[in-house]
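Hydrogens, waters and symmetry mates play no part in the numbers below; they use all other heavy atoms, side chains included. Just so it is clear: chains get the letters A, B, ... in the order the sequence lines come, proteins before strands, and each one is counted from 1. Source: prediction; values computed, not measured.
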Amino acid sequence: MPIVSASQPGIATDYASAAASSRPAEAYLRVEEVGKQFGTFVALRRVNLEVATGEFVTFLGPSGCGKTTLLRGIAGLDPPTTGRILQEGRDITHLPPAERDFGIVFQSYALFPNLTVNANVAYGLRGTAWPRARVRERVVELLGIVGLGDQGAKYPAQLSGGQQQRVALARALANEPGLLLLDEPLSALDAIVRQHLRQEIRSLQQRLGVTTVMVTHDQEEAMGVSDRIVVMSNGRIEQIGTPAQVYDTPATRFVAGFIGHSSRFEAVVDSPSGMVVAAGQRLHAAAAQSLLYGARITCYIRPEHVRLDRREAAPPGALPAVVTGLEFLGSVCRISLEAGPLRLLAAVAPAELAALEAAPGIALAATLPPERVMVFPDDV
Amino acid sequence: MSDAVLAGAAPRPCLSVDQRVMRWGLWLALAFLLCFLALPLGTLLLRAFETPQGGFAGFENFRIYATTPALLAAAWNSLWTGAVTAVIVVPLAFAYAYALTRACLPAKPLFRAVMMLPLLAPSLLPALALIYLFGNQGMLRGLLMGGSIYGPTGIVTAQVFYCFPSAALILSVALATADARLYEAAAALRASRLRIFWTVTLPGARYGLVSAGVVVFTLVVTDFGIPKVIGGQFPVLATDVYKQVVGLQNFNMGAVVGLVLLLPAVLAFLLDRWASRQRTATMSGRAVPLRPTPRAARDRPLLVFCVLVAALLVGIVGVAAWGSLVRFWPYNLSLTLDHYDFSRFDAAGWQAVWLSVRMAALAAVIGTVVVFVVAYVLDRGPQQGPLPAIGRFAAAIPLAVPGLVLGLAYVLFFNHPANPLGFLYGTLAILVLNSVVHFYTVGHLTAVTAIRQLDPEFESVGASLRVPVWVTFGRVTVPMCLPAILEIAVYMFVNAMTTVSAVIFLYGPDTKPASVAMVHMDEAGQASAAAAMGVVILSITITAKLGQLALGALLGRATQAWRR
């Protein structure tokens, strides 16, 4: 069962001490106050995180947000400058990689080109614990697991990108590591293979029950496979939560803007409570109820939550909006609208589009459901 | 409280066994470079400020140098012959390299091989051939119309032959990495061919041109063999060092001249480093390689030019080979193998040849191992602290140190009575070590380039699978880099076979290399025997090169499955 813990930047210290008492004992991997500096550049600031046994956690963020740095810190490839990392209660912060218990798959796969697939998978199976016959058995088993049973004698260069990635996965799993680290494992593949392989990785992970941490910049990928997502930006954790949590209730404006699509507009809290004024339009936003009159806020709304009606069928409170563009995306159609100075995005099904008779220049009525408007007070 | 601890105590990086092994490797590499590069050069520097009796001389030696017109004239002579050679060689080499990379010629590999010919023999060989043709008994002496080949004319002509391969090699690399997209864009904008050449081709190769010019200049200024053979009474820096040390036994003045010789070489080296740094910035990884299409108006003149140049290169070596087989040049042109009976001309006889082969083979084996392991440790080892940067700097220095200067530094360092390593002096070991250090940088760069092409995560994967780094090194890195390793070995072998300048101060009575024997036979007036020795060296180096090609092809076939 995933542990829900969101940390706001700035109150990270309070969070750490507050969470200490409620922390479940079985956390497999615990990252405490981890920071990393390269010269004057701060790559990670006081990151706190827990991963439960068997969980699939994804670090998601734009490039340069520190997600790979954090992963490499956990792997011991670039130890952090401050803080602690515990694996099964053992402090591994400054242990060299060879003394840790993990398997890793890199974006480039890093398969040894001069060794066959068999030899690549068997690379870590050495020493007295692995007599030749046992190694052979294990390699066959692993290649079976990743669905490459008949490819063992080939060299990596003779395989497709997706197949190479599976070999890398089999090699990382060979020693039965307690922790599997995936560093952008799918970003070198084309879209169809990527989608297919990510589900395979997920089902393999669930079958083996191996605790997994993946780094990606692709939110669809993160949403599709993770138990929990760690959204990062500028070396900080913005939010930790299930895919539904980060999508539906983003903790910060960064998360609201980064995950999924949304329209964004500035507004001021008005009276009565729950009303806001955005560019002269009065709107209802449930989330603004607790805010003080006159507070400046930024609102986000997802395209699929914007309701469109024909002008003549406008429900009360709807904004008059003019269509400025149409994007046909197959299953949905994305409509750009201008409601006065407000720019909105709406997503509607193609059938609905026909009913609306939407085309550039046509005036429609847009309704923003009050409970769907995400509100973030501006920093003063 | 815990915050203060976190902020205050820098975490102690706990090095793994792998990292400790790499660190030890680094220390050993630095110790090697200290003993055999830094300390000898330091000794040379100190000796320039000493009186012959060992007292402190201050700048007295330099004052004497600056006020001796003969010495100053030599410095000037070196500079201007170097500059003239560069001006002649670079355009020729550019045209040749252009033809090889940007035109459609038949038998390109052959032209490429012929281009390398002068590099495979000691620099003396073209000079000897010129003497056969234009010397006092020269067959074509009349063409000089009363002029003499002994002196600047001979030096520059011989240097043109000797430096041509280096310049052509650099320029063909510079021209080979062209981005086809630029040419397509220029053609789409309807630029004329001449305009494309001026605005795309030349700017793309400009750093290569700088590099080639600088390298040729340095080669000429620091070369010893050619001025020794064909310079006559024309003094240059390189022969001055030799005269001061071997002739006058004036080690301190020798050290001063050595430092003066080091100066242009170091400047040229810095200029070249600057140029190569600019060059890497101009090529992006997404460039599309340019493939030349046939065009007669360009290809035919270039083919004629290449045939001409190749004929000259083969011709000059051929004349030397012919001269070595002729009974008495130019009066009795009947053929004989008499000049190959080296014991008639030099006490060492054929022993010199075998000694050279032994020395070159040892330099190749030891040098390759040292160079490759050090390059690996510098590139993939722990990067904390100043050691890796110092190591990289030290590995780049030998390129800037002329062989003559390094040889002199070795004499002064290892011959010093207080040096515990003094037992090395006059042995084969010192010749081998000197060769390894002298040719270190090119090997190092080759190794680094090869290692950088490997996935940077190989070691990380090994560590995550708990495989020690030396296993990954042996199972993956070395097999992947075999072609580069082979190239380094053959480069070391060929250069150790052909070098004169680095070993002329260092050989002992029982360790005279073939190239030095060649100089001595020429000094004694046995030009034919010297040419014969040159031909023997050339055939050995050609054999080594052919061996490299054959082995490379075999390797290529064996590893075809895992190369894309």
Side-chain angles (χ1 to χ4, degrees), chain A residues 13 16-17 32-35 46 72 75-84 92-116 119-127 153-158 168 171-175 177 179-181 183, chain B residues 1-23 380-384 450 453-483 485 555-556 558-564:
Chain A
T13 336
S17 51
E32 290 178 357
E33 294 290 295
V34 161
R46 303 178 139 223
R72 291 180 72 88
L77 300 171
D78 288 317
T81 13
T82 56
R84 295 202 304 162
I92 58 163
T93 319
H94 295 296
L95 282 185
E99 287 167 43
R100 301 176 178 216
D101 176 25
F102 72 96
I104 188 163
V105 174
F106 290 101
Q107 180 176 2
S108 63
Y109 321 140
L111 292 178
F112 304 124
N114 62 324
L115 303 181
T116 60
N120 261 289
V121 175
Y123 198 77
L125 307 176
R126 46 200 299 283
K154 288 190 179 171
Y155 287 95
Q158 296 166 316
R171 183 176 66 179
L173 291 169
N175 278 327
L179 178 63
L180 178 63
L181 302 177
D183 184 6
Chain B
M1 190 213 104
S2 68
D3 273 32
V5 174
L6 281 177
R12 203 169 47 83
C14 141
L15 290 179
S16 63
V17 182
D18 288 3
Q19 299 233 303
R20 252 172 287 158
V21 167
M22 301 274 248
R23 192 127 273 227
R380 295 289 167 102
Q383 297 296 320
Q384 308 97 320
Q453 276 166 3
L454 303 184
D455 194 307
E457 310 292 8
F458 281 167
E459 284 75 20
S460 305
V461 168
S464 80
L465 295 170
R466 284 174 231 131
V467 176
V469 71
W470 55 91
V471 173
T472 306
F473 179 76
R475 276 193 73 185
V476 181
T477 313
V478 169
M480 292 291 293
C481 293
L482 268 184
I485 290 173
L555 263 178
T559 61
Q560 186 174 30
W562 50 268
R563 288 186 197 281
R564 264 172 247 256

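Applying the side chain to side chain donor-acceptor pair (under 3.5 Å) rule to A:Y155 yields no partners; only residues at least two apart in sequence or on another chain are considered. Residues passing the side chain to side chain contact (heavy atoms under 4.5 Å, CB included) test with A:N175, sequence neighbours excluded: A:L125, A:W130, B:L465.
The parts of A:I104 that come within reach of chain B are both its backbone and its side chain, each placing non-hydrogen atoms under 4.5 angstrom from that chain. For A:F106, the part lying near chain B is the side chain, with the backbone staying farther off; criterion is any non-hydrogen pair under 4.5 Å. In this structure, chain A has heavy atoms under 4.5 Å from both the backbone and the side chain of B:S460.
The distance from atom CG of A:D101 to atom CZ of B:R466, rounded to the nearest 0.5 Å, is 5.5 Å.
A:A110 and B:D455 get closest at one heavy-atom pair: CA-OD2, 3.5 Å.
Between chain A and the residues B:L454, B:D18, B:T472, the most heavy-atom pairs under 4.5 angstrom are made by B:T472. Taking chain B as the reference chain and counting heavy-atom pairs below 4.5 Å, the highest number among A:G103, A:P97, A:P113, A:G124 is found for A:P113. When each of A:R171, A:R100, A:Q158 is checked for heavy-atom pairs under 4.5 Å with chain B, A:R171 comes out on top.
Contact check for A:P96 versus B:R20: no side-chain heavy atoms found under the 4.5 Å cut-off.
No donor-acceptor distance shorter than 3.5 angstrom exists from the side chain of A:N114 to the backbone of B:V478, with no hydrogens or angles considered.
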Decide side chain to side chain contact (heavy atoms under 4.5 Å, CB included) for A:Y123 and B:V476; before the verdict, give the C-alpha distance in whole Å, the side-chain angles of both, and the deciding distance to 0.1 Å. CA-CA 11 Å; A:Y123 198 77; B:V476 181; 4.1 Å; yes
